[in-house]
Protein chains: 2
Amino acid sequence: MWRLSLCFDYAVDVTKPLRRDAERNRQRILQAAQEVFAARGVDVMLDDIAHHAGLGVGTVYRRFPTREDLVEALFDSRLEVIVGWAAEAMEDPDPWAGLNRFAERAIAAMADDRGLRDIAFSRAYGRNRVAEVRERLAPVVEALVVRCQQAGVVRPDVGGADLGLIQFMLAALLEYTEPVEPGLWRRYLTLMLDGLRSGTTPLPGAMPDVEAMDRIAENWRPPRRPPADH
Amino acid sequence: MWRLSLCFDYAVDVTKPLRRDAERNRQRILQAAQEVFAARGVDVMLDDIAHHAGLGVGTVYRRFPTREDLVEALFDSRLEVIVGWAAEAMEDPDPWAGLNRFAERAIAAMADDRGLRDIAFSRAYGRNRVAEVRERLAPVVEALVVRCQQAGVVRPDVGGADLGLIQFMLAALLEYTEPVEPGLWRRYLTLMLDGLRSGTTPLPGAMPDVEAMDRIAENWRPPRRPPADH
DNA sequence: GAGAAGTGGAGGACTGCCCTCAACTAATCG
DNA sequence: CGATTAGTTGAGGGCAGTCCTCCACTTCTC
């Protein structure tokens, strides 16, 4: 991993730097993509990003030949933040409070950013840099849950993947509630966390594992949202 | 309601009956549509339905000029069954068991039928016959919840619309889990019902009402699923 | 100011879907 | 049975949406 990173930096250094105006435009594109992705998800037309950046389509295609290039350039850091929150939650002296706070923050971030939602679960985008970060998330979440169970504040028959699925469900909900009833997701997060803590009915079926979450996310494709006609 | 039904029958009687083979084809189309809708949702190409019925596209378009005609012809009875289950649940001597059984049955039905899922929440399809049935569902669900609250087995700060939203979330989940982890939804239904019963953390935000559910569903459009390539 | 680097955005190519219509076939009736 | 009417077919025209190239043009750099 280190090695890879070094190789990459080296390559960057060797490549002739962009002309000043070109570099400025590159930043503009990233900024525009960030905003448009947040508002309409990653499956917008690249034309829209170009337009939002005040540049021609050609420029976007020259700098980022595929949508994937944009995604990889933008979302690894966004996801990294979430991983950071999970690690932070592990530090909380109260395991239950930590878990709550993590779940809350993660969903809140997705509520504000359709692109993040798309990328957090997609296996179709972010196959390299982003995927690496994504893979680091699952173990921390698992640990978060286990710690709560050891403290006796989460039922023993759930696992990290269950929390993943819960986030997946809430992300799906956001798609429809957020535009008309912002914040409504908090009710259902609360409800599910309550179930996680004090539920007693034995959960049917087998506890899902990480591969199950993978198989499920495999089917997920970022939807194309229509442009907001204002 | 009776009146409407009578009018309709009358109209049918007056209209010249279809030729025998035409009537047979009509049935075939309905049967095929049922199957294809169940497998791939209501937003399949009408060509696919025609093909599945072993008929030409033209025949389908002659008999059911729009997709909506097919939807209206098929799904009011399907939804009616669900309303029936809700009514049945009201008869259960144990209010909590009734609520559970209803939720369980409703989701199970949607797990087996993508079309039903699409129609249950869509405001874009089934604007007449189906919508009428759909509207009759909400009050019964509300009653189901209230009865449980009166019996003290459901927390007082939830309402019928919350149960609606829960079903909505699970329906969204089904889209991705059912093909790879069939039945996984039961875990999360259980978890949420447990939260509904024994949750104690006050639910944030205002309790959603029927109009909120309407506004949310307004954004929902049946997705187009790719044909299963076997 | 010459040459290299970068830009713009109209438009060709493609895909996917809807639905018509002219040529056909089948049922029905006297 | 032939005439008449009803019904069927499916290739293909049309439309909408998207991608991404290409080359005349502008801007930077030395």
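All chains are named by letter (A, B, ...) in the order of the sequence lines, taking the proteins before the strands, and each is independently numbered beginning at 1.
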## Note on the structure
Looking only at heavy atoms, the pair that brings Gln34(A) and Asp113(A) closest together is OE1-OD2, 4.0 Å
### Arg63(A) and Asp69(A) ion-paired at < 4.0 Å
no
### Task
Would you indicate whether His52(A), at its atom NE2, is surrounded by more than 12 heavy atoms from other residues, nucleotides or ligands within a distance under 6.0 Å?
yes
#### Entry: side-chain N/O Asn25(A) vs dG6(C) OP1/OP2, d < 4.0 Å
no
#### Entry: Whole-Å distance separating the CZ atom of Arg63(A) from the C1' atom of dG6(C)
7 Å
### Query
What closest approach, in Å, do Ala120(A) and Met110(A) show between heavy atoms, and which atom pair accounts for it?
CB-CE, 4.2 Å
### Message
Looking at Arg187(A) and Asp162(B), is any side-chain nitrogen of the basic one under 4.0 Å from a carboxylate oxygen of the acidic one?
### Response
yes
### Message
Within the 4.0 Å limit for protein heavy atoms, which parts of nucleotides 12-30 of chain D are touched? Write it as a string from 5' to 3', B for base, S for sugar-phosphate only, - for none.
### Response
------SSB------BSS-
#### Entry: Cationic N near anionic O, under 4.0 Å, Arg117(A) to Glu175(A)
yes
#### Entry: Nearest-Å distance for atom pair CZ/C1', residues Arg62(B) and dC21(C)
11 Å
### Message
Between C1' on dG10(D) and CD1 on Ile49(B), what's the gap in Å once rounded to a whole number?
### Response
17 Å
### Rounded distance in Å - NE2 (His51(B)) to C1' (dC17(C))
17 Å
## Note on the structure
When rounded to whole Å, the CG to C1' distance for the pair Leu55(B) and dA6(D) reads 15 Å
## Note on the structure
Nearest heavy-atom approach of Pro222(B) to Ser122(B) is CD-OG, 4.2 Å
### Summary
Asp48(B) CG to dG10(D) P, in whole Å, measures 15 Å
### Task
In whole angstrom, give the distance that lies between atom CZ of Arg40(B) and atom C1' of dG16(C).
13 Å
### Message
Once pairs are restricted to Watson-Crick or G-U wobble with both distances under 3.5 Å, how does DNA chain C read as a dot-bracket string, [ ] for crossings and | for other-strand pairs?
### Response
||||||||||||||||||||||||||||||
### Summary
The single option from Arg136(A), Arg134(A), Arg129(A) that satisfies side-chain hydrogen bond (donor to acceptor under 3.5 Å, both in side chains) with Glu132(A) is Arg136(A)
### Query
Just to confirm, is there a sub-4.0 Å distance from OP1 or OP2 of dA4(C) to any side-chain nitrogen or oxygen of Lys16(A)?
no
### Message
Would you say that more than 12 heavy atoms from the other residues, nucleotides or ligands in this model lie under 6.0 Å from the CZ of Arg101(A), or not?
### Response
no
### Query
Rounded to whole angstrom units, what separation is found between the CD atom of Glu23(B) and the P atom of dT28(C)?
12 Å
